[in-house]
Amino acid sequence: MFPSTDRSETVVDCLVEAARECGVDILTKHEVDRLDPGGDAWEIVCKGGERLTSRAALLSTGGIRSEAGARMAAELGHGVVPAAPSLFAFKIDDPRLADLAGVSVGSVGIRVSESRFRSTGPALVTHWGLSGPAVLKLSAWGARELFERNYRFEIAVDWCADMSSGEVESKLAAARDRFSRKRVRSGPPDIALPARLWRRLVAASGVADETTWSNLSKDARRRLQAELTAGRYLVDGKSMNKDEFVTAGGVVLDDVDFKTMESRLAPGLYFAGEILDIDGITGGFNFQSAWTTGRLAGESAARAIGST
């Protein structure tokens, strides 16, 4: 969900205005260094030396770009899963994808070699490699392992995920009779692939430009089938253009009461948002998590201090 202005500042302005209407004091330039529990109140110690007292504290410091919240939670005894980016595109420098930015395929299967991680869905060729739902889901499921591999790994790509390998083989074999005089590079035989991508995969199979379907050897046909259903691509990094949407990792969920978002270890302390070890496979799930935990934590903290 996005505001009609399509600008994130609109969301910020809305929240700030709502806070002001409720009499909330917003203190900037007060970087919090630590939280000290003290009986029925918290002492909030700022790096500038300021000390604030509150009967409830809510940590909602975001994900990987703000480690202070996770550090403070750990200092108070909470388990913290190390942070790692999630929902990112794959950086792939490969001649099969070069200059194809904007080309999309509706059903693509992607598998990370030597792992259990695989996904299926639409894929988009970008200026730096591959993106789209199939890639983003895979980056979410494999966020931790791909981080540990330093984002260098091999993937197998099935460009025809809506068909079995046997069906692809049958279509390629049938093309020998149905399209005998046509050049192989002129277009896929009943396979829904963009023409530009098809030509790249044909060339990668070692099939000459002038080769017709009737002259396509069995070995060349097998190579083409392999490119279509199990092409190997080296991923060498993730997109760095501020495209990571979500942080995996954060405060261990067993340490939090999800009815109130209150800490099970430190009464009066609440958590909301990406500081928690929650991440979903699309941005929408993560928006919902932020809104839901924020409302639960805010209302619970207000009830705890007797505020309306």
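Only this structure's heavy atoms are used, side chains among them; waters, hydrogens and symmetry mates stay out.
Partners of Ser289 under the side-chain hydrogen bond (donor to acceptor under 3.5 Å, both in side chains) rule, at least two apart in sequence or in another chain, do not exist in this structure. Every residue two or more places apart in sequence or in another chain was checked for a ring-ring contact (aromatic ring centres under 6.0 Å, His included) with Phe117, and none qualifies. Take Leu234 and apply the side-chain contact (heavy atoms from CB on, under 4.5 Å) test, not counting sequence neighbours, and it matches Arg152. Under the side-chain contact (heavy atoms from CB on, under 4.5 Å) criterion, Ser107 pairs with Thr120, Ala161, Asp162, not counting sequence neighbours. When the side-chain contact (heavy atoms from CB on, under 4.5 Å) test is applied to Arg20, the partners found at least two apart in sequence or on another chain are Val16. Listed by chain and number, the residues in a side-chain hydrogen bond (donor to acceptor under 3.5 Å, both in side chains) with Glu17 amount to none (sequence neighbours excluded). Residues forming a side-chain contact (heavy atoms from CB on, under 4.5 Å) with Asp209 (at least two apart in sequence, or on another chain): Arg185. For Phe179, there are no ring-ring contact (aromatic ring centres under 6.0 Å, His included) partners two or more places apart in sequence or in a different chain. Here Ser214 pairs with Thr212 under the side-chain hydrogen bond (donor to acceptor under 3.5 Å, both in side chains) rule; sequence neighbours left out. The side-chain hydrogen bond (donor to acceptor under 3.5 Å, both in side chains) search around Glu114 returns none, not counting sequence neighbours.
No chain of hydrophobic side-chain contacts below 4.5 Å, direct or via other Ile, Leu, Val, Met, Phe, Trp or Tyr residues, connects Val256 to Val252. Taken together through direct or relayed side-chain contacts under 4.5 Å among Ile, Leu, Val, Met, Phe, Trp and Tyr, Phe285 and Phe88 form part of one hydrophobic cluster.
Side-chain rings of Tyr233 and Phe153 stay apart, their centers remaining 6.0 Å or farther from each other.
Counting only distance, with no hydrogens or angles, the side chain of Ser170 and the backbone of Gly166 share a donor-acceptor pair below 3.5 Å.
Under 3.5 Å, the side chains of Ser165 and Gln225 contain a donor-acceptor pair of N or O atoms. Side-chain contact of Thr126 with Ser131: a donor-acceptor pair under 3.5 Å is absent, judged by distance alone.
With salt bridges taken as basic N to acidic carboxylate O contacts below 4.0 Å, one links Arg183 and Glu210. Using a cutoff of 4.0 Å between basic side-chain nitrogens and carboxylate oxygens, Arg223 and Glu227 are not scored as salt-bridged. Taking 4.0 Å as the cut-off between side-chain N and carboxylate O, Lys259 and Asp257 do not count as a salt-bridged pair.
Taken from CG in Leu228 to CH2 in Trp159, the straight-line distance is 10.5 Å, to the nearest 0.5 Å. The NE2 atom of His78 sits 13.5 Å away from atom CG of Asp277, with the distance rounded to the nearest 0.5 Å.
What you find for Leu146 and Ser139 is that their closest heavy atoms are CD1-CA, 4.2 Å. When every heavy atom of Pro85 is checked against every heavy atom of Lys238, the shortest pair comes out as CG-CE, 3.7 Å. Summarising the geometry of Arg144 relative to Ala84, their closest heavy-atom pair is NH1-CB, 3.6 Å, with the distance given to 0.1 Å. Ser60 approaches Ala272 most closely through the heavy-atom pair OG-O, 3.1 Å.
For residues 285-301, the pairs satisfying salt bridge (Lys or Arg N to Asp or Glu O under 4.0 Å) are Arg295-Glu299, with sequence neighbours left out.
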Report task. Could you give me the CA-CA distance, side-chain angles and deciding distance for Leu27 and Leu52, then say whether side chain to side chain contact (heavy atoms under 4.5 Å, CB included) is met? Result -> CA-CA 11 Å; Leu27 303 180; Leu52 308 171; 3.9 Å; yes
Requested in this report: Give the intermediate values and the outcome of side chain to side chain contact (heavy atoms under 4.5 Å, CB included) for residues Val202 and Leu224.
Outcome: CA-CA 6 Å; Val202 170; Leu224 178 56; 4.1 Å; yes
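Contact check for Asn286 versus Leu87: side-chain heavy atoms found under the 4.5 Å cut-off. Side-chain contact between Pro194 and Val105 is present, with at least one heavy-atom pair separated by less than 4.5 Å. In this structure the side chain of Leu130 reaches within 4.5 angstrom of the side chain of Leu97, judged on heavy atoms. Here the side chains of Val235 and Tyr151 are not in contact, with every heavy-atom distance at 4.5 Å or above. For the pair Glu262/Ser300, no side-chain contact is recorded, criterion being any heavy-atom separation below 4.5 Å from C-beta on. Between Leu136 and Ile281, the closest side-chain pair of non-hydrogen atoms is not below 4.5 Å. Inter-residue side-chain proximity for Ile155 and Ser113 is flagged as unmet; no heavy-atom pair is nearer than 4.5 Å. Residues Thr229 and Met163 have side chains not in contact (no heavy-atom distance under 4.5 Å, counting atoms from C-beta outward).
Clustering of Ile, Leu, Val, Met, Phe, Trp and Tyr by side-chain heavy atoms under 4.5 Å joins Leu58 with Tyr270.
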